[in-house]
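The structure under discussion appears below in the form of structure tokens.
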Amino acid sequence: MKLGPLSLLWKTWLSTSFALTVLFAITGYMLQRHTLKATTRSLEAEVKASFGAYESVWRARAEKLGSVAGILSGMPNVRGAFSTLDQAAIRDTAGELWLRISDRMKETAFFLVADPEGKTIASFDSRITAAVPQQWPVVREVRPKFPRQISGFIVHQDQLFQLVLTPVYAGSGRGAVLINVLVAGYTVNHLVAQELKESTGASEFVFFSRGRVFASTLNDRATAVLSARAPRAGRIDLVSDGVSEYVALVRELIDLGGKPVGTLGIFRSFEDARQSVDALRRDIVLFWIVAMSVGLWLTWVLARRIVRPVDSLDRAAAEVARQNYDYRVPVNSRDELGRLASTFNSMCASLQRARQELIRHERISTIGRLAGSIVHDLRNPLAAIYGGAEMLVDTDLAPAQVKRLAGNIYRASRRIQEMLQELLDVSRGRTGQAELCKLREVIQAAVDAVRPTAEAQSVRNDLSVPADLELPMERARMERVFVNLIVNSLEAMPGGGSIRIAATADEKAVTVSIEDTGPGVSGEIRSELFQPFASFGKKSGLGLGLALSRETALDHGGDIWADAGFQGGARFCVRLPLAR
């Protein structure tokens, strides 16, 4: 279905509604995007804070282990016990001091004494050290870095440890001799990870290395997915386990030799933030719907108020186009539209006054032109009547002369009667009864009526009209049409020439052409040929002949026009329908 053109009201409302919709959509999108970015930045900050808290906790543990091991290694009685290499003496002396100074570290930390080859000599607190390996090859690997204390992570026997190695030396004749190594540390397991989670604000911790997970606060599925999708070390990124999203920060775990040995992933769940964003999105959509509904309603009301004066002006313009200059537009405001309505009303009043003045002048001019033309056209017939009557009254004439004068008076009076009757019929819009007439007979009658004038001017008439063409017409009026056209041609050829009248028929109408060999019709007057009182270059006549002739043709359902493309004279065409 093809829609018609939209009204100004709909155009205004739709364009404003579209602009409001786009504006609210962009605003909602920007607000949601800003909120999401702010939430992401907040989570990233929380992850960094969790990592900072982790480092603080982990460093505090390492420092505490190192300080305890340093204290023990510096005590004379401990060094003396270590010098004996007696496991019982070492265990009794160092173990008693460990239990006394380790405070609560003994709940999660382990402490043992190893020889320079890394073999455990004595260990303390069997609850923890029972699961601790008895061989520490790392001691041999880091001996070149002694005598300073060394700390870091190691992976040993499928376990991840944080260790602090403290060397113990004894004096001899050849100088200080490494006699033992104090090994203090933590096993990085799920208990340690959970403790870190509780101390850092509910961040998730995953310790892994090369696809192997040592400790995690997440379930097995999430741990496996996140450890595989974790970003590169040092980066913060969004990752998903297929159910929830996390902001992830990855750091490398450095071993005792200064090389990466594992990876720590700190994950902050995005689920709470996502729920907040979803709630915000729902609020934005609800607000958008309400705001759009109110905005569209207000837009419609304002658009109607704006367009209503325009509609009034449109109706007023239509009334003026129908020449109703009395119509006025109501003025309801003092803004631009109100001033426009006032100006329009003033224009209508000016047009009304100008039209009335023009009509008055036109009537006076028409009366003057009509009176002058009628007087001029009636003068010759009246002169013939007056002269003939004077001769009849003052002179004794022979019967033949009396008859000839009477005939002249009759024809002159008939001419006046026909002219007046034709003017009366046109002014009243009267038409007669049409009858079926042979076209050739009607045209022949017109030719016969002007034959004396044509013979006097040596003008030859050539009639080429089929004898069997019959058309419904008012015979007298159509005969007068052809007489007017032939008379115009005769007046254009006072020195002689020829007139050719031909007719052609098609399925619907007959076209009669009247051609002459006169000077033709100039382009300047062609557009005014059929206007009333248009008399160009004629010494007599009302200037109504062509106007009345065209009116007659129009009354018969046809038309008359001048052929602009004809060369060598003038050609007028009369088209009449075969059936009314």
Rounded to the nearest 0.5 Å, how far apart are [atom1] of [X] and [atom2] of [Y]?
X	Y	atom1	atom2	answer
S489	L485	OG	CG	7.0 Å
D241	R221	CG	CZ	4.5 Å
E435	L471	CD	CG	12.0 Å
L439	D468	CG	CG	10.5 Å
F267	S227	CZ	OG	7.5 Å
I514	C573	CD1	SG	7.5 Å

Kindly write out the residues that satisfy side chain to side chain donor-acceptor pair (under 3.5 Å) with [X], not counting sequence neighbours, or none if the list is empty.
X	answer
R404	none
T504	none
E470	K438
N461	none

Decide, yes or no, whether a salt bridge links R575 with D506 under the criterion of side-chain N to carboxylate O below 4.0 Å.
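Counted as a salt bridge, because a side-chain N and a carboxylate O are separated by less than 4.0 Å.
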
What closest approach, in Å, do [X] and [Y] show between heavy atoms, and which atom pair accounts for it?
X	Y	answer
P472	P577	CD-O, 4.3 Å
A503	P466	O-CD, 4.0 Å
V225	S240	CG1-O, 3.7 Å
Q457	L490	NE2-O, 2.8 Å
P519	A492	CD-O, 3.4 Å
N484	S549	ND2-OG, 3.2 Å

Go through the steps to decide whether L578 and K508 satisfy the test side chain to side chain contact (heavy atoms under 4.5 Å, CB included), and finish with yes or no.
CA-CA 6 Å; L578 289 174; K508 296 182 179 180; 5.8 Å; no

Looking at E515 and I499, would you say the former's side chain and the latter's main chain have a donor-acceptor pair under 3.5 Å?
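Looks like no, no N/O pair under 3.5 Å.
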
Could you tell me whether the side chain of R440 and the main chain of V465 form a donor-acceptor pair under 3.5 Å?
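Yes; judged by distance alone, with no hydrogens or angles, the pair exists.
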
Side chains of [X] and [Y]: closer than 4.5 Å at any heavy-atom pair?
X	Y	result
M391	Q401	no
E474	H556	yes
Q444	L463	yes
D559	R550	yes
D516	S498	no
E204	I266	no
L405	Y410	no
I486	V447	yes

Begin with the C-alpha distance, continue with both residues' side-chain angles, and end with the deciding distance and a verdict on side chain to side chain contact (heavy atoms under 4.5 Å, CB included) for V459 and T453.
CA-CA 8 Å; V459 175; T453 305; over 6 Å; no

Checking side chain to side chain contact (heavy atoms under 4.5 Å, CB included) for the pair V239/E245: CA distance, chi angles, key distance, verdict?
CA-CA 6 Å; V239 294; E245 282 189 327; over 6 Å; no

Dump the intermediate steps for side chain to side chain contact (heavy atoms under 4.5 Å, CB included) on V481 and I560, then the final yes or no.
CA-CA 10 Å; V481 169; I560 297 178; 3.9 Å; yes

Does anything in residues 444-466 pair up under salt bridge (charged side-chain N to carboxylate O under 4.0 Å, His left out), and if so which pairs, sequence neighbours excluded?
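Every pair satisfying salt bridge (charged side-chain N to carboxylate O under 4.0 Å, His left out) with a residue in residues 444-466: D448-R451.
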
Show every salt bridge (charged side-chain N to carboxylate O under 4.0 Å, His left out) that has at least one partner inside residues 561-570, sequence neighbours left out.
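Counting only pairs at least two positions apart or across chains, the salt bridge (charged side-chain N to carboxylate O under 4.0 Å, His left out) contacts touching residues 561-570 are D563-R571.
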
Under the criterion side chain to side chain contact (heavy atoms under 4.5 Å, CB included), which of V512, N488, V521 is the partner of F572?
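One option only clears the test, and that one is V521.
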
